[in-house]
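Notes for the one structure printed next.
Proteins get letters first, then strands, A, B, ... in listed order; numbering begins at 1 in each.
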Amino acid sequence: MSAQKPSIPKGTRDFGPAVVARRNYIFGIIRRTFEKFGYAPLETPTLENLSVLTGKYGDEGDQLLFKVLNSGDFLKDVTADDLQNEDGKATRRVLPKVAEKGLRYDLTVPFARYVVMNRGTLTFPFKRYQIQPVWRADRPQRGRYREFYQCDADVVGTDSLLCEAEIVLMMCEVLNGLNKEAKSENQKLDYTITINHRGVLGGMYDALGESNGTETNLFTAIDKLDKIGIDGVKQELIDKGFTSTEAEKVFKLLYMPATAIPSSDQNQNARQEFLYRIQNLKKSLVVDISPSNILAETSERATRGLQELGQVVDFLTAFGFEQFDRLKFDPTLARGLSYYTGCIFEIKINNVNMGSVSGGGRYDNLTGAFGLPGVSGVGFSFGVDRLYDCLEELELFPEGAAATTRCLITNFDAETMPLLLPVLRELRAAGIPSEMYPESKKLAQQFKYADAKGIPYVLIQGPEERAAGQFKLKELRTGEEKTLTLDQVLATLA
RNA sequence: GUAGAUAUAGCUCAGCUGGUUAGAGCGUCGGAUUGUGAUUCCGAAGGUCGUGGGUUCGAGCCCCAUUAUUUACCCCA
């Protein structure tokens, strides 16, 4: 029997020590930001009941769920009739009988489930963050994995747009934090936070009047504007049942001339531009709504959406937010998840070819699916795996993030090694991560070990040093060697 | 689900029009240096060329199939 070649499922990865250290660096910045804004940690099970997961992400989402086969005789409830596939629905019939659990697909739905199950004990508004892996049975490709981490922060139980404003603040704080290590300006993550409102999108649909195309088709088509261009979107709209007149109308609404009130304050300019665009769109929507129809109404949801976007900007201004140049209003932003109802967010890194590294939005009725209607929530999520790929491409990781051990004690021979164990204890007691090389191999080998592991210092006490009651401490980076007493060693390494 | 690309040493990849014994760099191991890494010099090990068929006097190279990986589309973090 030949040994099998080991492998891991596609779309999954091992994380070696150096990678884990750098991932923890990212997690740390995100976690500290969430906590600074008053979010409390939550963890939920890897497995959820399929009844919790299915139907929350649309038909495509259900397809991407990893289902877990029941334990034991998982075929015991399946009948011969179930397996008849003349109608092509055998899979649908059999699935609930053989699998009742699945891997979580995101962190928001488990959170909603948790909120409903614990509504009696929670204090609202409830702010929680959650950093855990999720699984999607997707086709892996650049920046897309089947197992990846999400870092969610959500608030439920308040409609206040302060939450939306704070999401922008947290997004900036995390990305600014990640840019701290940048050695030059063009090494930084050049990020843009895009914001839109589902009401604005809905208002555009309303502005078309009676149409054969569906609202969802309109949203997903214009979301692709930056990818496939005006003609591409137009074609897709027509394919999906819109008339070319309607398509033209959509582009008329999206067309927003740039404002021109230049001043020396870039932050002020960006803020003005944002507000100007909102005003502009508001006018367009009103003017263009079915002028021939006497019963035409100004779309209520559009008005509400634009008003809320303005409110978010006002809160940010009052807070003293100074990065309006990072915040763009983009009426074409749609985002896939169907449960969003209010503001929606997305972060793109402009100088790295990567999908969005963060996204989120408000959902007015997420807990409704679990029997608790009328609770509003808003939240967002960072994709750590994508952020990692971006930082790596820009070489933005701090040096030494990978090293754990600070000092290696060399091992001369089996007899004297135990005599140095008290020294090892003292190093550790002083809070210096240290290790003794476990075998009495030749020194070259032990030095190579320290070098390969990125250990900065090697401590030596051979017969000569012992006779003098001293130690030799070598700093590998410089090659410098010093003969020191133990106290001096501790002082150097501390 | 749709379309393309790739598969050769532990890793990254060369390999010409199909022609003798399969190549490099890095890494690993040994030595130069029996108390010193990285750097320098010398040496060694390491291959069923993804797998299975076919064409040919002859296949790493051409053809077919298959598997794996990967990129783009759809969708998404």
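Ring centers of A:Tyr449 and A:Tyr437: under 6.0 Å apart, within the cut-off. A:Phe66 and A:Tyr105 have their aromatic ring centers separated by at least 6.0 angstrom.
Among the nucleotides B:U36, B:U71, B:A77, the one closest to the side chain of A:Arg142 is B:U71. Side-chain proximity of A:Gln445 to B:G37, B:C75, B:G30: nearest is B:G30. Closest approach to the A:Leu443 side chain among B:G35, B:G37, B:A77 is made by B:G35 (side chain taken as heavy atoms from C-beta onward). The side chain of A:Leu476 approaches B:G37 more closely than any other nucleotide in the set B:G37, B:C76, B:U36. For A:Lys10, whose side chain is taken as the heavy atoms from C-beta onward, the closest listed nucleotide among B:G35, B:U69, B:A77 is B:U69. Distance from the side chain of A:Phe447 is smallest for B:U36 among the nucleotides B:U36, B:G1, B:A77.
Taking 4.5 Å as the limit, some side-chain heavy atom of A:Val168 sits within range of a side-chain heavy atom of A:Phe321. Counting only heavy atoms from C-beta outward, the side chains of A:Val312 and A:Phe329 never approach each other to under 4.5 Å. Residues A:Cys172 and A:Ile193 meet the side-chain proximity criterion, which asks for heavy atoms closer than 4.5 Å. Contact of the A:Ile167 side chain with the A:Phe345 side chain is registered, since non-hydrogen atoms from C-beta on lie closer than 4.5 Å. Two residues are said to be in side-chain contact when any heavy atoms from C-beta on lie closer than 4.5 Å; A:Glu392 and A:Arg22 meet this criterion.
Atom NZ in A:Lys448 sits roughly 15 Å away from atom P in B:U33 (whole-Å rounding). Atom pair A:Leu459:CG and B:G37:P shows a separation of 17 Å (rounding to whole Å applied). Regarding A:Leu107, its CG atom lies at a distance of 17 Å from the P atom of B:C76, rounded to whole Å. A straight line from CG of A:Asp106 to P of B:C76 spans 12 Å, rounded to a whole angstrom. Residue A:Lys453 contributes atom NZ, which lies 22 Å from atom P of B:U36 at whole-angstrom precision. Atom-to-atom, CG of A:Leu65 to P of B:C75 comes out at 18 Å; the value is rounded to the nearest Å. Between A:Asp223 atom CG and B:C73 atom P there is a gap of 13 Å when expressed in whole angstrom units. In this entry the distance linking CZ of A:Phe219 with P of B:C75 reads 15 Å, nearest Å.
Counting any heavy atom pair closer than 4.0 Å across all strands shown, A:Glu346 reaches no nucleic acid atom. Contact annotation for A:Ser356: backbone-only contact, meaning every heavy-atom pair under 4.0 Å involves sugar-phosphate atoms and none involves a base. Within the 4.0 angstrom heavy-atom criterion, no nucleotide atom of any strand lies near A:Tyr149. Across all strands shown, A:Gly462 has heavy atoms under 4.0 Å from base atoms, whether or not it also approaches the sugar-phosphate. Using a 4.0 Å heavy-atom criterion, one finds that A:Gly61 contacts no nucleic acid atom at all. Among the atoms of the strands shown, none is found under 4.0 Å from any heavy atom of A:Gln446. Among the heavy atoms of the strands lying under 4.0 Å from A:Ala444 are primed sugar atoms or P, OP1, OP2 only; no base atom is included. Across all strands, A:Leu64 comes closer than 4.0 Å to no nucleic acid atom at all (heavy-atom distances). Here A:Glu464 lies in heavy-atom contact (under 4.0 Å) with a base.
Under a cutoff of 6.0 Å and an axis angle of 45°, A:Arg326 and A:Tyr191 form a cation-pi pair.
Side-chain contact annotation: A:Gln130 with A:Arg128, donor-acceptor N/O pair under 3.5 Å present.
Separating the P atom of B:G54 from that of B:G60 is a span of 15 Å, rounded to the nearest Å. For the P atom pair drawn from B:U48 and B:U2, the interatomic distance equals 34 Å after rounding to whole Å. Taking the C1' atom of each, B:U51 and B:G27 are spaced 28 Å apart, rounded to whole Å. Rounded to a whole angstrom, the distance from the P atom of B:U12 to that of B:G50 is 14 Å. Rounded to the nearest Å, the gap between the P atom of B:C49 and that of B:U39 is 33 Å. Comparing the P positions of B:C74 and B:C29 gives a spacing of 48 Å, expressed to the nearest Å. A distance of about 32 Å separates the C1' atoms of B:C64 and B:C11, rounded to the whole Å. Nucleotides B:G30 and B:A22, compared at atom P, are 28 Å apart to the nearest Å.
In terms of phosphate contacts, A:Lys224 brings a side-chain nitrogen or oxygen within less than 4.0 Å of OP1 or OP2 of B:C75. Close to B:G31, at under 4.0 Å from its OP1 or OP2, lies a side-chain N or O of A:Lys442. Taking only side-chain nitrogens and oxygens, A:Gln141 never comes nearer than 4.0 Å to OP1 or OP2 of B:U71.
Helical stems in RNA chain B, defined as runs of 3 or more consecutive Watson-Crick or G-U wobble pairs with both donor-acceptor distances under 3.5 Å, are listed by first residue as B:1-7 with B:67-73, B:10-13 with B:23-26, B:28-32 with B:40-44, B:50-54 with B:62-66.
By the 30° and 60° cut-offs, the orientation of the rings of A:Phe34 relative to A:Tyr39 is tilted.
Mapped onto RNA chain B by nearest heavy atom, A:Gln150 and A:Pro140 fall at different nucleotides, with A:Pro140 at the one closer to the 5' end.
One N or O donor and one acceptor, one from the side chain of A:Arg386 and one from the base of B:C76, sit under 3.5 Å apart. The base of B:U71 lies outside donor-acceptor range of the side chain of A:Arg139, with no N or O pair under 3.5 Å.
With centres under 5.5 Å and a plane angle under 30° as the test, the ring of A:Phe412 is not stacked against the base of B:G35.
The main-chain N or O of A:Asp190 is found under 3.5 Å from a side-chain atom of A:Asn350 such that the two form a donor-acceptor pair.
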